[in-house]
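Quick notes on the structure that follows.
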Amino acid sequence: MCGIIGYVGNNAAIPILIGGLESLEYRGYDSAGVCVLNKSELQVVKNKGKVIEIKNDKRINLIEGVCGIAHTRWATHGEPNEINAHPHTNSSNSIAVVHNGIIENYHSLKRLLEKEGYIFRSETDSEVLVHLVEKFYRNCSLGSAVLEALRLVEGTFGLAVVHKNKNEIIAARRGSPLVIGLGDNEAFLASDATALVKYTKRVIYLKDNEIAIINNKEIHIKNFDGENVSLNVENLKLEVEQIEKGSYKHFMLKEIFEQPDSVKRTLTGRLKNSRIKLSLNLQDIRSIQRLILVGCGTSWHSALIGKYLIENMAKIPVEVDYASEFRYRRPLVVRNDLVVGISQSGETADTLAAVREAKLLGANTIGLVNVVGSSIARECDSGIYLHAGPEIGVASTKAFTSQVTALLLLALYLAEIRGEKIEENLFRELENLPKQVKEVLSEADNVRKVAEKYYKSSNFIFLGRGINYPVALEGALKLKEISYIHAEGYPAAEMKHGPIALVDENMPTVFICTKDSTYDKIISNMQEIKARKGKIIALVNEIDPRLSVLADDVIFSQKTDEFLSPIVNSIPLQLFAYFIADLKGLDIDKPRNLAKSVTIE
Ligand code: F6R
């Protein structure tokens, strides 16, 4: 949510800042701005809209300088326009700030500053920061002024500050990620390491309540108590190709097609001779009485599948909660509970807070996280990295299938510890899974043909049962978030209890009806829709004469073990959503109102 990039060195800052904004645009794209120091002057250019607006702005070509900061915004306070875009500057244009997060007490700080004569220009919460820094910048370093300012601030922030006379960037973090990149006589700052990989692989992740003073010669980090912190330089395991679209039209399509590899990477080194190897450093894993799986959006859907897997295989009760509900409902968590935070980004504010709450209540915590070194990964007692690779498309695809794969591994691991018997065939199917994911992708052309028939529909229903009910939810979410078509997912049997009223000849219903223990039941549900003249798209993995009567269109999935079916079944639905949005000519990687990595509550 919002992207920050900074550069200080000997090269022109603008190309690096604009390139960085392009890499970070998936974090927010309603306005963008840059600020570069030149001859004791701050040159600021801001625009409403996507980064391309700023890139094409003629004023950018006039900017010179080797130190600057930039920001791409996802609006919280104040509509997306040029004034509310970051960087924000003070009245004398000597200090500029970019901010990611929310300043919760900005009303009272603003009142206080206004009484002292500070003039506000924007409607944002972030603007208080620049005036506060100005207020404290008296006979002290810029870093000390930022620290003083932050002592008054409640809420979350990842921020960067520059002053017109200083070739340095001050960065500070509480709750919103920031990573510093080290070069030769140059340094970088970004909300996400993917923006840095072109320039350097040596990075330092700033921790919560730390402030960094960054110039082209050295980096100094202190905690908010003013104590020096030693620099922990890490090596990025990321290649430039991983963050480029290549020949694909969209990142989402690339990421859908990467799934044979991403699923394989989730499995690599963790499955051998029907045994599961996970390095979970948890005390007393044998005495776990209950698991609570928490996540948001797509990650919550994988948690729902995880419940089926763990309860069925390991015979341990599982609860699933939206992270945002869990953290505020005073959950009854006890010592032998294991709380699993599921998150692609590892930065989702609600999931992070839920994990923290669980720890406070004495539970063990595991993170199922994709982004290495992210906040949730660091916060949890132990974890399973997804290794899906960078996911840049805003709609989550490969992270979802890797989450479900990791939950499968966790279920099998717990089953083994508990002495629960698992059919040998499941392990064989699991080894074969990347191949089946590849097979299911070969259905893409047919999925596109079906999408061509339906892309003008205004509403969709997705129905599934059992372990494939969350796949119906996920199919509906994918469609609505990138195509803006209203779609709802339900357990198929629930249909009769209200939603069936929506069915008529214009309402397409997507049935997930691959052969499993609920197959015959779902065929009955299909008949109920057909009787009301609803259009039926059936996702199947076997030819069944009954379906040729009932279904208007058929999409093929693969035959696999029922426990693995959500992984292969979700892929044609990702493609279906993708093709519909593409046929509608929409900006698939940057759907309206959304942003990847929701770092605010
Ligand atoms: C949907 C989507 C979101 C995320 C949600 C949680 O396609 O991407 O619903 O799943 O914002 O994000 P993470 O997994 O990063 O915690």
Side-chain angles (χ1 to χ4, degrees), residues 1-2 26-28 74 175-177 191-192 194 250-253 255-256 259 262 266 293-306 320-327 340-356 366-380 383-386 388-407 462 470-471 473-484 487 489 570-571 573-578 581 586 588-601:
M1 201 129 280
C2 299
Y26 67 91
R27 300 178 67 91
W74 186 86
S176 295
S191 314
D192 185 329
T194 52
H250 295 100
F251 277 108
M252 183 177 175
L253 191 62
E255 287 156 10
I256 291 174
Q259 289 175 106
S262 50
T266 309
L293 311 183
V294 294
C296 303
T298 287
S299 298
W300 180 76
H301 295 158
S302 54
L304 292 174
I305 298 168
V320 176
D321 225 334
Y322 284 114
S324 54
E325 291 299 317
F326 175 85
R327 62 182 290 201
V340 184
I342 306 175
S343 174
Q344 187 287 128
S345 61
E347 300 294 348
T348 299
D350 283 319
T351 311
L352 179 60
V355 165
R356 286 188 175 144
I366 299 188
L368 256 66
V369 173
N370 193 33
V371 177
V372 175
S374 56
S375 302
I376 296 171
R378 282 165 194 270
E379 189 72 34
C380 288
I384 307 173
Y385 275 124
L386 305 179
E391 191 180 70
I392 292 168
V394 165
S396 189
T397 52
K398 62 176 180 172
F400 173 73
T401 45
S402 281
Q403 285 168 348
V404 179
T405 307
L407 284 160
F462 286 71
V471 175
L473 294 179
E474 178 60 6
L477 177 63
K478 284 295 88 92
L479 185 64
K480 69 186 134 191
E481 69 182 325
I482 59 167
S483 74
Y484 318 143
S570 58
I571 293 169
L573 302 186
Q574 295 169 351
L575 285 167
F576 186 63
Y578 173 82
L586 297 170
I588 291 177
D589 285 333
K590 298 184 198 84
R592 72 178 177 213
N593 303 338
L594 291 175
K596 197 134 184 107
S597 186
V598 183
T599 52
I600 54 166
E601 288 182 36

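All residue numbers in this chain count up from 1 along the given sequence. Counting starts at 1 for both ligands and their atoms, in listed order.
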Measure from every N or O atom of ligand 1 to the protein's N or O atoms and keep only the pairs below 3.5 Å, writing each with atom names and distance to 0.1 Å.
from     : atom 1 : to   : atom 2 : distance (Å)
ligand 1 : 7 (O)  : T298 : OG1    : 3.4
ligand 1 : 7 (O)  : S396 : N      : 2.9
ligand 1 : 7 (O)  : K478 : NZ     : 2.9
ligand 1 : 7 (O)  : E481 : OE1    : 3.2
ligand 1 : 7 (O)  : E481 : OE2    : 2.5
ligand 1 : 8 (O)  : V394 : O      : 3.3
ligand 1 : 8 (O)  : S396 : N      : 3.4
ligand 1 : 9 (O)  : T298 : N      : 3.2
ligand 1 : 10 (O) : T298 : N      : 3.1
ligand 1 : 12 (O) : T348 : OG1    : 3.4
ligand 1 : 14 (O) : S299 : OG     : 2.6
ligand 1 : 14 (O) : Q344 : N      : 2.7
ligand 1 : 15 (O) : S343 : OG     : 3.4
ligand 1 : 15 (O) : Q344 : N      : 3.4
ligand 1 : 15 (O) : S345 : N      : 2.8
ligand 1 : 15 (O) : S345 : OG     : 2.7
ligand 1 : 15 (O) : T348 : OG1    : 3.4
ligand 1 : 16 (O) : S343 : OG     : 2.6
ligand 1 : 16 (O) : T348 : OG1    : 2.4

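- By the 30° and 60° cut-offs, the orientation of the rings of Y578 relative to H250 is perpendicular.
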Next on the checklist: The test is side-chain hydrogen bond (donor to acceptor under 3.5 Å, both in side chains); show your working for E391 and S396 and say whether it passes.
Outcome noted: CA-CA 7 Å; E391 191 180 70; S396 189; 3.0 Å; yes
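- When every heavy atom of K398 is checked against every heavy atom of A388, the shortest pair comes out as NZ-O, 3.0 Å.
- The distance from the CG atom of L594 to the CH2 atom of W74 is 8.5 Å, given to the nearest 0.5 Å.
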Next on the checklist: V371 vs E347, test: side chain to side chain contact (heavy atoms under 4.5 Å, CB included). Steps then yes/no.
Outcome noted: CA-CA 9 Å; V371 177; E347 300 294 348; 5.8 Å; no
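- Scanning for side-chain hydrogen bond (donor to acceptor under 3.5 Å, both in side chains) contacts around S374 gives an empty result, with sequence neighbours left out.
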